[in-house]
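What follows is a single structure, written as structure tokens, with notes after it.
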Amino acid sequence: MTDKADRELVLQREIPFRRELVWKAMTDPVHVNMWWGPNGFTSEAVRMDFRIGGAWSFDMLGPDGTRYPNHSMFKKIVPPSKLVFDVGDGKKVWFEMTVTLSEKIGGTLVTLRQLYETAALRDEVVEKSGAVEGGKQHLAKLEAYIGQHFTK
């Protein structure tokens with residue numbers, strides 16, 4: 001086992017909306033289904049049992065039509081500031097995701113921490129799937145969705 005910092009991928013974005021709105025967009029399946037994923041990706045067959053021990057499953061569809069099954073298990077829910085869940089495909093856990101929403105003047109700092117079993121696994125995901133750029137796109141879509149749907 002390596003040091004935790006060596007196994008983490010951390011992404012952050014300050015979003016100019018109240019933390020409660022960000023929390024709602026990230027935890028209500030009606031909303032999360034509309035923006036989740038990098039650019040060009042959509043979600044289908046979304047099921048979310050939002051409670052500790054509950055599952056969140058969906059198929060992420062890539063721009064080329066490739067289907068990526070996702071299955072997560074909620075481990076910690078602290079509204080409206082912290083969410084921890086395992087991310088995988090239903091057969092294997094790929095990483096643990098910790099989402100932290102911190103109030104800032106004029107908005108919310110969203111921090112996504114992906115903790116992998118090893119640094120090598122983290123590096124492989126970053127290199128092969130473009131996890132850093134995809135994560136940035138993901139957070140930009142969250143901000144755009146809130147701006148378009150929650151502030152009118």
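As a basis for the values below, the full set of heavy atoms in this structure was taken, side chains included, without hydrogen atoms, waters or symmetry mates.
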TODO: List for me each residue that meets salt bridge (Lys or Arg N to Asp or Glu O under 4.0 Å) alongside Arg67, sequence neighbours excluded, and say none if there are none.
DONE: Glu44, Asp59
- [ ] Any pair with a residue in residues 82-94 that passes salt bridge (charged side-chain N to carboxylate O under 4.0 Å, His left out), sequence neighbours left out, goes on the list, sorted by first then second residue, please.
- [x] Lys75-Asp86
TODO: Starting at CG of Asn70, measure out to OG of Ser57 and round the result to the nearest 0.5 Å.
DONE: 9.0 Å
- [ ] Please work out which of the three classes, parallel, tilted or perpendicular, describes the rings of Trp36 and Phe85, given edges at 30° and 60°.
- [x] tilted
- [ ] Would you name the heavy atoms of Ile77 and Phe50 that are closest together and state the gap between them?
- [x] CG2-CZ, 3.7 Å
Task: Heavy-atom pair of closest approach, residues Gln12 and Leu139 - done: C-CD1, 4.0 Å
- [ ] Could you tell me which non-hydrogen atom of Ser81 sits nearest to which non-hydrogen atom of Arg19, and how far apart they are?
- [x] CB-NH1, 3.4 Å
Task: Spacing of NE2 belonging to His149 relative to CH2 belonging to Trp35, to within rounding of 0.5 Å - done: 12.5 Å
Task: hydrophobic_cluster_shared for Val99 and Met73, side chain cutoff 4.5 Å - done: no
TODO: Taking atom CZ of Arg113 as the centre, report whether more than 12 heavy atoms of other residues, nucleotides or ligands fall under 6.0 Å from it.
DONE: no
Open item on the list: Would you say Leu61 ends up clustered with Val46 if hydrophobic residues are merged whenever their side chains have heavy atoms under 4.5 Å apart, either directly or through other cluster members?
Closed with: no
Open item on the list: Return the CZ to NZ distance between Arg7 and Lys4, rounded to the nearest 0.5 Å.
Closed with: 7.5 Å
- [ ] State the CE-CG distance between Met97 and Leu9, to the nearest 0.5 angstrom.
- [x] 8.5 Å
Open item on the list: Determine whether a donor-acceptor pair (N or O, by modelled atom type, separation under 3.5 Å) exists between the side chain of Arg122 and the backbone of Asp6.
Closed with: yes
Task: Aromatic plane relationship, Tyr116 with Phe95 - under 30° parallel, 30 to 60° tilted, over 60° perpendicular - done: tilted
Open item on the list: So Met48 and Ser72, do their side chains get closer than 4.5 Å, heavy atoms only?
Closed with: no
Open item on the list: Do Val93 and Tyr68 sit in one hydrophobic cluster, given that two such residues count as connected whenever their side-chain heavy atoms are within less than 4.5 Å of each other, even indirectly?
Closed with: no
Task: Hydrophobic cluster membership, Phe74 vs Trp94, 4.5 Å side-chain cutoff - done: yes
Open item on the list: Quick check against the 3.5 Å criterion: does Thr98 have a side-chain atom that pairs as donor or acceptor with the backbone of Val84?
Closed with: no
TODO: Output the distance between atom CG (Leu112) and atom CD (Glu8), rounded to the nearest 0.5 Å.
DONE: 11.5 Å
Task: Spacing of OH belonging to Tyr145 relative to CG belonging to Leu21, to within rounding of 0.5 Å - done: 11.5 Å
- [ ] Could you tell me whether Arg47 and Asp49 make a salt bridge, using a distance below 4.0 angstrom between a side-chain N and a carboxylate O?
- [x] no
Task: Shortest non-hydrogen contact from Leu142 toward Ala25 - done: CD1-CB, 3.7 Å
- [ ] Taking all non-hydrogen atoms of both residues into account, name the closest pair between Met60 and Pro38 and its distance.
- [x] SD-CD, 4.0 Å
Task: Shortest non-hydrogen contact from His71 toward Gly90 - done: CB-N, 3.3 Å
Task: Residues in salt bridge (Lys or Arg N to Asp or Glu O under 4.0 Å) contact with Asp28, at least two apart in sequence or another chain - done: none
Task: Within one Ile-Leu-Val-Met-Phe-Trp-Tyr cluster: Val110 and Leu11, side-chain cutoff 4.5 Å - done: yes
